[in-house]
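Order of the sequence lines fixes the chain letters, A, B, ..., with proteins taken first and strands second; residue numbering starts at 1 for each chain. These numbers come from the heavy atoms of this one structure, side chains and all, not from hydrogens, waters or symmetry mates. Everything numeric here is computed off the predicted structure, so don't read it as measured data.
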Amino acid sequence: MSKGLPKRSENYSEWYNELVKRADLAENSAVRGCMVIKPYGYSIWEKMQRALDDMFKETGHTNAYFPLFVPKSLFEAEETNAEGFAKECAVVTHYRLKADPNNKGKLIADPDSKLEEELIVRPTSEAIIWNTYKNWIQSYRNLPILINQWANVVRWEMRTRLFLRTAEFLWQEGHTAHSTADEAIAETKQMLDVYARFAEEWMGVPVVKGTKTPNERFAGAEDTMCIEAMMQDGKALQAGTSHFLGQNFAKAFDVKFQSKEGTLEYVWGTSWGVSTRLMGALIMAHSDDNGLVLPPKLAPLHVAIVPIYKGEDQLEQIREKLKPLMTGLKSKGITVKFDDDDQTRPGFKFAEYELKGVPVRIAMGMRDFDNGTIEVARRDTMEKQTVELNAQTDEFIKSLLDDIQTNIYQKALDFRKQNTFIVDTWEDFKKQIELGGFLMCHWDGTSETEEKIKEETKATIRCIPLDAVEEEGTCVYSGKPSKKRVVFARAY
RNA sequence: CGGGGUGUAGCGUAGCCCGGUAUCGCGUUUGGUUUGGGACCAAAAGGUCGUCAGUUCGAAUCUGGCCACCCCGACCA
């Protein structure tokens, strides 16, 4: 492990890439555009999964699993959806290989094994799932269906970046079916709230809840809601989406139910998802030049203890002295590691735990040992303090962890506030967008204006915020009347 | 797919213009001394210089083809 990360302020994207690699989160693989998620990175993802999964269960959902492959004819069924994803689909055309007669030791796809119908590697699962739901739904008594799936999907992206955009990624996708539009809309909103709560309470990342414009809407949805987060370079990151599908998929797959009144009606649907992209959001929202900063609620390791000693005797003395504290912490559900690795020195360990974002570090050498104290360092502020070691120390650490969780959220929220601007003129818009941040502007509601702004500034409408206040205004670009401000930003 | 660039040890690199079998750092191995902020000393292992062909007594170096990857655009959770 070499010293020092690139500076965040000098080259944000290089800083990000290096951080992901050095903190042992993920690395590029031999497969173009696909990453290897390393054990440390995966353990963070597992914590995210668990928290989200619990929230899904609390809101009445259950998990199921559907196939990786979608027959092309099913994929085509919902036209808007199919067209939206067509240009980034991996397609399976053969089912076996054979020795290449012209090239010894090489294999080719056996021409005799050509599939009669090609299989699409799922970029999203609406098609295969709605085709299945058709068989599950006959009556209003079968509704609602509230299912979530944890899976991998493939979208053949041109340019990829670890966690933010990879050709294959891990995610969850919820797919629900309802008897009324109102119920489906309520579900869409409920899951958006779940995502927002997860982002803010667990990841410590404040988000703007809103609705996408038709341009940015999910292909096949009637309405797409999203949560948008601000990264430390002022760019926006879409962190999660929740779609109201209307009856689009029900019509495409002929999914009807008999109502209480005896009428035959199409089912209303929703789908919602978050992906390993959340890892990217987590990294970019909090980390600094020393490495990762993890919110305690998602940190695989909460407290690293570094003993500073000469010889086995001192190590054992320190270990014994800290045993009650470690027991106390563990009983409070706090994960602790006593790092007695003799191969690396304390300074190296300090740097390493900082790089990996461990929220709290405790050090004890003979000086502390004699004084009955420990040195406690918090990762978020890098502050160190000497604390008396007694029966209350575990409580102190617990509240410190809570404090760190609150603090990093507050810090991110303050950052977002400082980088959110009310912009009313096109001149200001062009200036401000170069500096980054969220621009709150009036927009005339047309796709044309949205596209022109994108062409000229690379900024897109991230969302129409749910809490936008009604006010009279004029579009920042066209000058036409507008009633609400929307969020413009450059995005990942 | 358009524009630019790069392939040399596990990683990062020098050498290339001006041809003579490869430099340095990190990491690794062994031994010793160390341990309150990324230790030091000593020794060692590790490279068909992306690939194929050509020029030459001789190619990492010159020429051509191919392949891969990276960056910038269009696309995107």
Taking atom [atom1] in both [N] and [M], what distance in whole Å separates the two?
N	M	atom1	result
B/A9	B/C24	C1'	13 Å
B/G31	B/C18	C1'	45 Å
B/U13	B/C26	P	16 Å
B/G3	B/U63	C1'	25 Å
B/C70	B/C62	P	25 Å

Under 4.0 angstrom, heavy atoms only, what part of the nucleic acid is [X] near: base, sugar-phosphate, or nothing?
X	result
A/E157	base
A/R161	nothing
A/T241	nothing
A/D368	base
A/E354	base
A/T386	nothing
A/F218	nothing

Complement of B/U55, any strand, by Watson-Crick or G-U distances under 3.5 angstrom: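 Pair assignment: B/U55 / none.
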
Partner nucleotide, any strand, of B/A44 [Watson-Crick/G-U, under 3.5 Å]: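 For B/A44, the partner nucleotide comes out as B/U28, under the 3.5 Å rule.
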
Member of A/E456, A/E448, A/K452 meeting the side chain to side chain donor-acceptor pair (under 3.5 Å) criterion with A/Y477: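 Among A/E456, A/E448, A/K452, the one meeting side chain to side chain donor-acceptor pair (under 3.5 Å) with A/Y477 is A/E456.
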
Residues A/D233 and A/R490 bridged, charged N to O under 4.0 Å: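 No, no charged N to carboxylate O under 4.0 Å.
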
Minimal non-hydrogen separation, A/T188 against A/S242, with atom names: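 Smallest interatomic distance, heavy atoms only, reads O-OG, 2.8 Å.
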
Taking every non-hydrogen atom, the tightest pair across A/L19 and A/L292: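 The answer is CD1-N, 3.5 Å.
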
A/R345 side chain near B/A39 phosphate (N/O to OP1/OP2, under 4.0 Å):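 For B/A39, OP1 or OP2 has a side-chain N or O of A/R345 closer than 4.0 Å.
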
Distance below 4.0 Å between A/K384 side-chain N/O and B/G37 OP1 or OP2: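 No, outside the criterion.
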
CG on A/L52 to CG on A/L278, rounded to 0.5 Å: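 Nearest 0.5 Å value for the CG-CG distance: 7.0 Å.
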
